[in-house]
K.L.:
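Please find one structure pasted underneath; my questions will follow.
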Amino acid sequence: MVRARIPNDMNTPVTLQSIYQRLYDYYGPQHWWPGDSPFEVMVGAVLTQNTAWTNVEKAIANLQEHAALDPAAIMAASGDDLADWLRPSGYFNVKASRLQHLCRWYLEAGGYAALARMDTVALRQALLCVHGVGPETADDILLYAFERPVFVIDAYTRRLFARLGLFEGSEPYEGMRSRVEGSLGADVGLFNEFHALIVRHAKEVCRVRPLCAGCELSACCPGCDSDLAD
DNA sequence: ACCCAGGGTCATA
DNA sequence: TATGACCATGGG
């Protein structure tokens, strides 16, 4: 089916900056990432792969109960125990393996302080070499655990930017990321809020009942399909 | 009962 | 390069 582009108010062109401004004005700061430490952010980034955050919170709570929200403790745990603690977040066998791969890398690299001394490009390459860490998980970690100016491209971001006509939507990850970063300019605070706002807008609002007319970002979410004339 | 969720790996063409 | 199968729980 052919999607009609919903015109924004006036004829002002939609830009990345204008999208951010509208989201921020409407929702305000989101205070991401919800984690108490950089390491907890890293764990959360793996556990939330294709998984609702509410389920991730339960798994993280299980880790805390077993004093296992710690890289050495995760390495010391048996795969079966770890998988059992991760059960609520789904894919528990896969994620148990991925967490141990991440922790082995983290410890062998010398921990957070050592990793924080690496430049962003090298750190990103290193993360992508960890089994179970793909581009989006790596960028979550870079932005929210290491505070590097890296823009996270997730499914929501693709859908929003595509529906607003800024991207085709099926571009390769790297191409889309570099275009966005080049357009916005390296800004950790901006990238942090923007990604969080996109997720907030995609789930909490549109799903309950579209406020899309109110927030002036029509056609940006699944619930907005009915607003689209074909 | 069905759909989706803050993806990634691996096999195949 | 680009699909498809697979991983698995929990909420709407």
Side-chain angles (χ1 to χ4, degrees), chain A residues 19-20 23 27 29-35 38 40-63 79-105 124-146 148 150-163 168-177 180 191-211 220-226:
Chain A
I19 294 169
Y20 173 76
L23 289 173
Y27 295 109
Q30 299 300 301
H31 308 296
W32 269 32
W33 185 288
E40 184 174 338
V41 171
M42 298 174 73
V43 170
V46 169
L47 296 187
T48 197
Q49 289 170 354
N50 203 37
T51 300
W53 183 254
T54 51
N55 289 345
V56 176
E57 289 180 314
K58 297 171 187 170
I60 290 179
N62 285 341
L63 290 177
D80 286 344
D81 281 344
L82 187 53
D84 195 53
W85 301 333
L86 299 182
R87 185 172 293 276
S89 69
Y91 305 116
F92 45 83
N93 288 315
V94 170
K95 286 176 179 175
S97 169
R98 289 180 183 177
L99 269 194
Q100 291 193 318
H101 279 283
L102 183 66
C103 289
R104 171 169 18 261
W105 168 80
R124 189 167 196 274
Q125 291 303 322
L127 278 165
L128 289 173
C129 288
V130 178
H131 187 92
V133 176
E136 186 179 336
T137 304
D139 291 345
D140 276 335
I141 291 171
L142 286 165
L143 178 59
Y144 292 104
F146 289 93
R148 306 303 173 91
V150 172
F151 197 91
V152 178
I153 306 293
D154 67 344
Y156 294 146
T157 305
R158 284 185 181 279
R159 185 173 64 204
L160 176 64
F161 290 170
R163 289 187 177 181
E168 196 282 327
S170 57
E171 293 91 343
Y173 187 97
E174 287 307 318
M176 197 161 175
R177 184 173 72 87
V180 173
F191 292 178
N192 180 320
E193 282 298 339
F194 207 158
H195 178 63
L197 284 164
I198 288 169
V199 175
R200 169 74 185 275
H201 182 66
K203 46 201 268 194
E204 293 189 25
V205 172
C206 303
R207 176 162 297 201
V208 178
R209 172 50 221 149
L211 294 180
C220 55
C221 57
C224 293
D225 285 341
S226 57

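So you know, we letter chains A, B, ... as the sequences are listed, proteins then strands, and number each from 1.
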K.L.:
Does Gln49(A) use its side chain to pair, donor to acceptor, with the backbone of Gly132(A) at less than 3.5 Å?
P.N.:
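Yes, Gln49(A) side chain to Gly132(A) backbone: donor-acceptor pair under 3.5 Å.
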K.L.:
Using the P atom on both, measure dC3(B) against dA5(C) and round to a whole Å.
P.N.:
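That atom pair is separated by 15 Å.
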K.L.:
At what distance, to the nearest 0.5 angstrom, does CZ of Arg124(A) lie from CZ of Phe146(A)?
P.N.:
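Reported to 0.5 Å precision, the distance equals 14.0 Å.
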K.L.:
Between Arg148(A) and Asp139(A), does any NZ, NE, NH1 or NH2 come within less than 4.0 Å of an OD or OE carboxylate oxygen?
P.N.:
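No, no charged N to carboxylate O under 4.0 Å.
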K.L.:
Is a side-chain N or O of Lys95(A) found less than 3.5 angstrom from the main chain of Leu86(A), in a donor-acceptor match?
P.N.:
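It does not hold such a pair.
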K.L.:
Find the distance His101(A):NE2 to dT9(B):C1' and express it as a whole number of Å.
P.N.:
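Answer to the nearest Å: 11 Å.
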K.L.:
Under 4.0 Å from any atom of DNA chain B, heavy atoms only: list the residues of residues 52-63 of chain A that qualify, in numerical order.
P.N.:
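Ala52(A), Trp53(A), in order of number.
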K.L.:
Going from CG on Leu127(A) to CG on Leu102(A), what distance comes out if it is rounded to the nearest 0.5 angstrom?
P.N.:
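Reported value, rounded in 0.5 Å steps: 7.5 Å.
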K.L.:
Would you kindly give the CG-to-C1' distance between Leu197(A) and dG6(B), to the nearest whole Å?
P.N.:
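Checked: the CG to C1' distance equals 14 Å.
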K.L.:
Should Ile198(A) and Phe161(A) count as side-chain neighbours, where that means a heavy-atom distance under 4.5 Å?
P.N.:
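Heavy-atom side-chain distance check passes, below 4.5 Å.
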K.L.:
Hey, could you give me the CG/CH2 distance between Leu99(A) and Trp85(A), rounded to the nearest 0.5 Å?
P.N.:
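Here the rounded value is 11.5 Å.
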K.L.:
Please check: side-chain N/O of Gln30(A) versus main-chain N/O of Trp32(A), any donor-acceptor pairing under 3.5 Å?
P.N.:
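Answer holds: no.
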K.L.:
Within this structure, what is the CG-to-P distance between Asp154(A) and dA5(B), rounded to whole angstrom?
P.N.:
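That distance rounds to 10 Å.
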K.L.:
Any salt bridge between Glu136(A) and Arg158(A), counting N to O under 4.0 Å?
P.N.:
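No.
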K.L.:
Whole Å only: how far is the OH atom of Tyr173(A) from the C1' atom of dT1(C)?
P.N.:
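Distance check: Tyr173(A) OH to dT1(C) C1' gives 19 Å.
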K.L.:
Have a look at Pro135(A) and say if it touches a base, only the backbone sugar-phosphate, or nothing, with a 4.0 Å heavy-atom cut-off.
P.N.:
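Sugar-phosphate only.
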K.L.:
Whole angstroms only, please: what is the CG-C1' distance between Leu160(A) and dG6(B)?
P.N.:
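Interatomic distance, CG of Leu160(A) to C1' of dG6(B): 14 Å.
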K.L.:
Map Pro34(A) and Val130(A) onto DNA chain B by nearest heavy atom, then report which one ends up closer to the 5' terminus.
P.N.:
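This one resolves to Pro34(A).
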K.L.:
Taking CH2 from Trp85(A) and P from dT9(C), how many angstroms apart are they, rounded to a whole number?
P.N.:
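Distance, rounded to whole Å: 18 Å.
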K.L.:
Can you tell me how far P in dA1(B) sits from the matching atom in dA8(C), rounded to whole Å?
P.N.:
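Straight-line distance between the two P atoms is 22 Å.
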K.L.:
Which atom names give the shortest non-hydrogen contact between Tyr144(A) and Ala196(A), and what distance separates them?
P.N.:
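Taking every non-hydrogen atom into account, OH-N, 3.8 Å.
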K.L.:
Tell me if a side-chain donor or acceptor on Glu171(A) pairs with a main-chain N or O of Gly169(A) at a distance below 3.5 Å.
P.N.:
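Yes; judged by distance alone, with no hydrogens or angles, the pair exists.
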K.L.:
To the closest 0.5 Å, what do you measure between CZ (Phe151(A)) and CG (Leu143(A))?
P.N.:
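The CG atom of Leu143(A) is 9.0 Å from CZ of Phe151(A), to the nearest 0.5 Å.
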K.L.:
Rounded off to whole Å, could you give me the CH2-to-P distance for the Trp33(A) and dG6(B) pair?
P.N.:
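For the pair Trp33(A) CH2 and dG6(B) P, the rounded distance is 10 Å.
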K.L.:
Which whole-number value in Å describes the distance from Leu99(A) CG to dG8(B) C1'?
P.N.:
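Checked: the CG to C1' distance equals 14 Å.
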K.L.:
Below 3.5 Å is the cut-off: list the nitrogen or oxygen pairs between protein and nucleotides 5-8 of chain C, distance only.
P.N.:
residue : atom : partner  : partner atom : Å
dA8(C)  : OP1  : Tyr91(A) : O            : 3.4
dA8(C)  : OP1  : Phe92(A) : N            : 3.3
dA8(C)  : OP1  : Asn93(A) : N            : 2.7
dA8(C)  : OP1  : Val94(A) : N            : 3.1
dA8(C)  : OP2  : Asn93(A) : ND2          : 3.4
dA8(C)  : O4'  : Tyr91(A) : N            : 3.0
dA8(C)  : N6   : Tyr91(A) : OH           : 2.3
dA8(C)  : N1   : Tyr91(A) : OH           : 2.9

K.L.:
Return the stems involving DNA chain B, sorted by first number, where pairs are Watson-Crick (N1-N3 with N6-O4 or O6-N4) or G-U wobble (N1-O2 and O6-N3), both under 3.5 Å, and runs are 3 or more long.
P.N.:
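In DNA chain B, stems of three or more pairs: B:2-5 with C:9-12, B:7-13 with C:1-7.
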K.L.:
Say you pick atom P in dG10(C) and the same atom in dG8(B); how far apart are they, in whole Å?
P.N.:
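Between the two P atoms, the distance is 23 Å.
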K.L.:
Here's a test of your reading of the structure: between Asp140(A) and His131(A), which maps to the more 5' nucleotide of DNA chain B?
P.N.:
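Its nucleotide being nearer the 5' end, the pick is Asp140(A).
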K.L.:
For dC4(B) and dC7(C), measure between their C1' atoms and round to the nearest Å.
P.N.:
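Per the computed distance, 15 Å lies between those C1' atoms.
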